[in-house]
**Q** 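The structure is given below, and queries will be raised subsequently.
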2 protein chains.
Amino acid sequence: MTSTVGLVERLTREIVDTIRSENLQPGQTLPSAKVLAARFEVTVPTVREALRRLEATGSVELKHGSGTYVREAINRRILDNPHYVPVDLAAAIELLDARIAIEPGIAGLAAAAQAPDAVASMESALDNALQVETAVPAGHFHVELARASGNRALHEMLVSLLAINSRTQQAARTSYDRLRDHDEHADILDAIRRGDGFEAAHRTRKHLEAIKAAVLADWADDTDQTGDAAIIEGSQR
Amino acid sequence: MTSTVGLVERLTREIVDTIRSENLQPGQTLPSAKVLAARFEVTVPTVREALRRLEATGSVELKHGSGTYVREAINRRILDNPHYVPVDLAAAIELLDARIAIEPGIAGLAAAAQAPDAVASMESALDNALQVETAVPAGHFHVELARASGNRALHEMLVSLLAINSRTQQAARTSYDRLRDHDEHADILDAIRRGDGFEAAHRTRKHLEAIKAAVLADWADDTDQTGDAAIIEGSQR
DNA sequence: TCACTCAAAGTGATTAGATGACTTAAACAC
DNA sequence: GTGTTTAAGTCATCTAATCACTTTGAGTGA
């Protein structure tokens with residue numbers, strides 16, 4: 001009758017508790033698997049199974065020959081599924097639709113929050129945009145925008161959406177004009193600086209809708225006269 | 001120079017690919033660990049580590065003595081961190097703020113979508129509300145609302161937010177009036193049926209703000225005259 | 001003294017085989 | 001038929017050992 005929780009699941013939880021109670025920060029190393037095995041009175045393979053679980057969610061990283069490191073995601077609530085195999089255009093459009101639904105509200109919050117350091121991060125993100133597109137890390141304008149909202153859950157949601165999108169083929173080929181992108185970002189940031197939440201939300205929405213249109217246009221160019229536009233329609237309903 | 005991807009990570013991906021290519025649906029069983037080990041030419045412990053990773057993200061479930069089962073989350077893009085240790089009121093308020101930021105937009109989409117079956121699901125969710133609160137499964141009104149938006153990413157985001165919230169202490173004690181909850185849900189559904197997205201969004205926002213106020217009031221009652229309202233202020237900035 | 005080499009120690013990665021515990025379903029007795 | 005028992009299949013965990021990678025620092029040479 002004892003609800004079998006499973007040794008590995010319990011062990012996983014104990015390791016997380018250890019990380020928290022000892023206040024281990026991302027980048028620091030955990031004790032070796034051998035030591036953990038001794039401390040929790042289990043064997044090494046069992047510890048490894050627990051660490052693999054934590055690895056899957058980005059809470060820790062197992063570096064061969066080096067050690068087990070705490071990672072950022074241990075403090076995240078919302079994650080992107082690392083095992084998801086995505087990828088058609090419809091999925092990419094769906095992600096953009098989701099962003100259109102939530103980012104305007106985030107921009108509004110950012111304008112209301114008026115956190116000075118967050119605004120600074122967005123400014124530097126504006127410049128970084130000239131660089132090569134990084135995967136989806138910090139420094140991305142929209143991510144910094146979400147961070148500026150002051151709401152960690154919203155920030156993590158946007159990070160997740162962008163992470164998923166980065167795995168899409170469409171992500172690389174989006175030929176949205178770099179300069180136009182920069183200008184529109186600047187406009188959004190401007191509205192936020194003025195504390196004009198309504199305008200910030202509006203410009204964010206327009207910006208994303210423009211990107212969506214560009215992606216659809218790109219796709220139309222590639223497939224040219226192949227007439228299966230049903231995919232697009234299906235994703236817009 | 002070969003980017004060491006790690007055997008387990010590669011194996012994890014191969015198992016996912018197998019599930020997809022063989023079109024295994026949630027509820028169905030995977031081959032036994034022994035068989036998988038033979039098929040991919042690795043040993044059983046290695047297979048188990050890969051399965052533990054998939055287990056962490058809810059893609060599979062390992063049932064002792066029974067088998068390894070495919071689970072729903074294998075098709076999800078957005079997940080809640082299963083290893084997150086949650087907690088205080090500020091976090092609960094932050095989650096509600098996030099919902100206030102995104103759910104009105106979702107309600108607007110739902111009104112525009114006008115999917116008949118989705119509306120039916122919301123109707124039945126209305127009645128289920130009289131039952132005991134389930135964990136965070138389907139059947140929850142707000143979850144069905146998100147499903148009705150037609151956007152899977154948004155739906156999964158809301159499921160994740162509610163899943164996290166359910167782990168909060170505050171979740172259980174929220175004494176938001178059951179009847180009032182039901183009535184406000186009915187109002188939202190009514191606006192969606194009429195296709196009035198603006199009104200649906202507005203009512204959803206008001207509804208969530210009322211819940212937030214109730215949570216804060218509850219907390220104020222409990223702590224009574226303990227004057228550390230700084231926690232609340234901090235979450236509202 | 002400085003820089004380079006390289007050997008050793010520590011750590012994770014993977015393998016191998018064995019035992020225990022649980023679930024399920026078929027075989028059996030009633 | 002019904003209920004119990006048995007057996008096979010499966011995951012759970014352990015023990016033990018070998019391999020591979022990383023880091024460090026001692027040693028060597030310039």
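Here the structure is a predicted model, which is why all the values come from computation and not from measurement. Here is the naming used below: chain letters follow the sequence lines, and residue numbers restart at 1 for every chain.
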**Q** Under 4.0 Å between a side-chain nitrogen and a carboxylate oxygen: does that hold for B:Arg52 and B:Glu55?
**A** yes
**Q** Phosphate oxygens OP1/OP2 of C:dG12: is one of them under 4.0 Å from a side-chain N or O of A:Arg52?
**A**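 So the side chain of A:Arg52 is outside the cut-off, no N or O lying under 4.0 Å from OP1 or OP2 of C:dG12.
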**Q** Return the value, rounded to whole Å, for the distance between atom NZ of A:Lys63 and atom P of C:dA13.
**A** 12 Å
**Q** A:Glu41 has an atom CD; how far is it from atom C1' of D:dC14, in whole Å?
**A**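 Rounded to the whole Å, the gap is 14 Å.
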**Q** For a 4.5 angstrom cut-off between non-hydrogen side-chain atoms, does B:Asn81 reach A:Ser59?
**A** yes
**Q** A side-chain contact here means heavy atoms from C-beta on lying under 4.5 Å apart; do A:Lys212 and A:Leu208 qualify?
**A** no
**Q** Reading DNA chain D from 5' onward, which residue's closest nucleotide shows up sooner: A:Val44 or A:Ser66?
**A** A:Val44
**Q** Nearest 0.5 Å, please: how far is CZ in A:Arg77 from NE2 in A:His155?
**A** 11.0 Å
**Q** Just how far, in rounded Å, is C1' of C:dG12 from CD of A:Glu61?
**A** 12 Å
**Q** When you measure from the side-chain N and O atoms of A:Thr46 to the phosphate of D:dC14, is any distance below 4.0 Å, counting only OP1 and OP2?
**A**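 Yes, such a contact exists.
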**Q** Expected output is a numbered-order residue list: members of residues 31-39 of chain A with a heavy atom under 4.0 Å from any atom of DNA chain D. What is it?
**A** none
**Q** Rounded to the nearest angstrom, tell me the gap between atom CZ in B:Arg53 and atom P in C:dA13.
**A** 11 Å
**Q** Counting distance alone, no hydrogens or angles: does the base of D:dC11 have a donor or acceptor under 3.5 Å from a partner atom on the side chain of B:His64?
**A**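 Per atom types, the contact qualifies.
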**Q** Classify the angle between the aromatic ring planes of A:His185 and A:His207 as parallel (below 30°), tilted (30 to 60°) or perpendicular (above 60°).
**A** perpendicular
**Q** Between B:Arg10 (CZ) and C:dA13 (C1'), how many Å, whole number?
**A** 12 Å
**Q** Rounded to whole Å, how long is the line connecting atom OH of B:Tyr69 with atom C1' of C:dT24?
**A** 9 Å
**Q** Is A:Glu22 salt-bridged to A:Arg39, cutoff N-O under 4.0 Å?
**A** yes
**Q** Between A:Glu49 (CD) and D:dT13 (P), how many Å, whole number?
**A** 7 Å
**Q** Give a yes/no answer on whether the side chain of A:Arg48 brings an N or O atom under 4.0 Å of OP1 or OP2 in C:dG12.
**A** no
**Q** Using a cut-off of less than 4.0 Å, is there contact between a side-chain N or O of B:Thr43 and OP1 or OP2 of C:dT15?
**A**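 Answer yes for this pair, as a side-chain N or O of B:Thr43 is under 4.0 Å from OP1 or OP2.
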**Q** Counting only side-chain N and O atoms of B:Thr68, is one of them less than 4.0 Å from OP1 or OP2 of D:dC11?
**A**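 B:Thr68 to D:dC11 OP1/OP2: side-chain N or O found under 4.0 Å.
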**Q** Report, as yes or no, whether the 6.0 Å neighbourhood of atom CD on B:Gln28 holds more than 12 heavy atoms from other residues, nucleotides or ligands.
**A** yes
**Q** In whole angstroms, how far is the P atom of C:dG20 from the CG atom of A:Leu7?
**A** 17 Å
